Amino acid sequence: MTEKIRIKDIAERAGVSVGTVDRVIHKRPNVSVDALQKVEKALKEMNYQPNVYASALAYNKSYTFYILLPKHASEAYWDEIEEGALKAVEQRRDFNISLKIMYYSRLNSESFVETFQKCLSKEPDGVIVVPYTLALTRQFTDVLHEKKIPFVLLDSYIPDLKPLSFYGQDSFQSGSFAAHMLMLFTQSETSIAIVKQTIDGKMASRQQEYREKGLRAYMESNYPDINIYEVNLPLDEERKQYEYILDDFFTNHPEIHHCIALNSKAHLVGEYLLKKNKKDIQIVGYDVVLKNVECLKKGSVSFLIAQHAYQQGFASIETLFRHIVLKKEVKPVNYMPIEFLTKENIDFYHRTQI
């Protein structure tokens with residue numbers, strides 16, 4: 001069996017010293033071309049498979065990964081990301097891996113710049129980042145490439161940034177799926193509403209932007225006569241103002257009975273509907289956060305679309321571990337399943353690890 005092959009056996013077969021074999025296996029310098037070819041030939045003939053776990057442990061090196069997330073309230077989608085990442089670090093504690101979590105404000109571009117500059121000053125071994133704008137994120141990732149620091153993207157897949165890996169949903173397809181499911185509920189409705197949260201009139205993330213594109217593309221192809229209205233709950237607005245915004249919207253659009261929130265805040269509308277006892281209006285949302293689940297069970301949210309945030313956090317750490325510590329190849333694009341949850345099956349949804 002491969003685990004019984006000793007370095008001494010390989011050295012004898014290749015006709016070189018034990019030290020030379022050790023340098024080749026661990027990819028260290030100072031090996032002649034002739035010796036390298038002999039050792040590689042012997043390794044292939046003997047079907048040698050190195051014990052990467054044992055080798056990594058033997059180095060006794062420590063690794064610090066950083067994750068940059070938007071600031072958020074408790075019980076938010078990002079909490080699940082954090083929990084998954086911390087669990088992965090715990091499972092790899094024998095390899096001296098630690099995780100530092102840093103936060104930036106999505107309301108302030110300077111906050112993102114300050115956060116990534118601080119991260120760079122710490123000389124991380126690997127980084128997980130939720131992108132801001134393309135231009136500002138590129139400033140960060142260009143330096144990471146220059147310093148040869150691998151990074152994983154969450155939330156939005158931006159291939160131009162050339163990340164090591166990406167975890168998240170195919171946002172366009174997710175938006176199309178949401179529209180398809182919503183229209184199964186609407187029957188003879190003539191109008192629907194999209195609930196947005198923006199910053200200075202712009203979508204807070206590329207993920208939400210592409211979800212809307214997917215939704216609108218589906219509606220244009222399949223229900224071109226349905227009116228699509230928008231209601232905006234600005235991120236930089238005080239929460240108490242949301243009730244006034246929703247009051248005004250539903251007063252002016254009494255024909256609206258079905259809405260869809262493009263982020264994890266469906267509960268903002270769900271709680272409003274419960275408070276106002278508006279049982280003739282339903283909202284569809286994303287993510288299994290506690291407040292969304294409560295609204296789902298109480299009936300103000302029709303269904304939720306899950307994207308396994310916990311798994312995304314867990315898998316991102318595992319990907320950096322496999323690439324940096326074990327020197328393994330990793331999958332560059334990892335789309336999460338698009339899952340449909342109702343009050344009947346929500347209790348059977350599990351945060352399983354990848």
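Every value quoted in this text rests on a predicted model; they were computed, and no experiment measured them. Index from 1, following the sequence. These numbers come from the heavy atoms of this one structure, side chains and all, not from hydrogens, waters or symmetry mates.
- Residue pairs meeting the ring-ring contact (aromatic ring centres under 6.0 Å, His included) criterion with at least one partner in residues 280-302, sequence neighbours excluded, are absent.
- By the 4.0 Å N-to-carboxylate-O rule, Glu329 lies too far from Arg322 to be salt-bridged with it.
- Its side chain outside the 4.5 Å cluster rule for every partner, Leu274 clusters with none of the Ile, Leu, Val, Met, Phe, Trp and Tyr residues.
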Under 3.5 Å, which donor-acceptor pairs do the side chains of residues 127-143 form with other protein atoms, sequence neighbours left out?
unit_1 : atom_1 : unit_2 : atom_2 : d
Tyr132 : OH     : Ser109 : N      : 3.2
Thr133 : OG1    : Leu136 : N      : 3.3
Thr137 : OG1    : Tyr132 : N      : 2.9
Thr137 : OG1    : Thr133 : O      : 2.7
Thr141 : OG1    : Thr137 : O      : 3.2
Thr141 : OG1    : Arg138 : O      : 3.4

Which side-chain N or O atoms in residues 220-227 pair as donor and acceptor under 3.5 Å with protein atoms at least two apart or in another chain?
unit_1 : atom_1 : unit_2 : atom_2 : d
Ser221 : OG     : Ala217 : O      : 3.1
Asn222 : ND2    : Tyr218 : O      : 2.9

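- Remark: Glu243 engages Lys275, Lys276 in a side-chain hydrogen bond (donor to acceptor under 3.5 Å, both in side chains) (not counting sequence neighbours).
- The two residues Ser111 and Ser105 have their closest heavy-atom pair at OG-N, 2.8 Å.
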Note to self: Between Asp247 and Lys278, is the salt bridge (charged side-chain N to carboxylate O under 4.0 Å, His left out) condition met? List the steps.
What the structure shows: CA-CA 11 Å; Asp247 273 339; Lys278 290 181 177 292; 5.8 Å; no
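- A donor-acceptor pair under 3.5 Å is formed between the side chain of Ser316 and the backbone N or O of Gln312.
- Checked for salt-bridge contact, Glu294 and Lys298 miss the test: no charged N lies under 4.0 Å from a carboxylate O.
- A centroid separation of 6.0 Å or more is found between the aromatic rings of Phe116 and Tyr104.
- Using a 4.0 Å cut-off between charged nitrogen and carboxylate oxygen, Lys87 and Glu80 do not count as a salt-bridge pair.
- When all heavy atoms of Leu320 and Pro150 are compared, the pair lying nearest together is CD2-O, 4.0 Å.
- Taking both residues in full, the closest heavy atoms of His258 and Phe185 are given as NE2-O, 3.6 Å, listed atom of the first, atom of the second, then distance.
- By the 4.0 Å N-to-carboxylate-O rule, Lys41 lies close enough to Glu45 to be salt-bridged with it.
- Ion pair Lys297/Asp347 flagged as a salt bridge, since at least one NZ, NE, NH1 or NH2 atom sits closer than 4.0 Å to an Asp/Glu carboxylate oxygen.
- Side-chain contact check for Gln169 and Ser174: at least one donor-acceptor pair (N or O, by modelled atom type) lies under 3.5 Å.
- Using a 4.0 Å cut-off between charged nitrogen and carboxylate oxygen, Glu212 and Lys196 count as a salt-bridge pair.
- With side-chain heavy atoms closer than 4.5 Å counting as contact, directly or through intermediates, Phe348 stands alone and belongs to no larger hydrophobic cluster.
- Ring centers of Tyr157 and Phe166: under 6.0 Å apart, within the cut-off.
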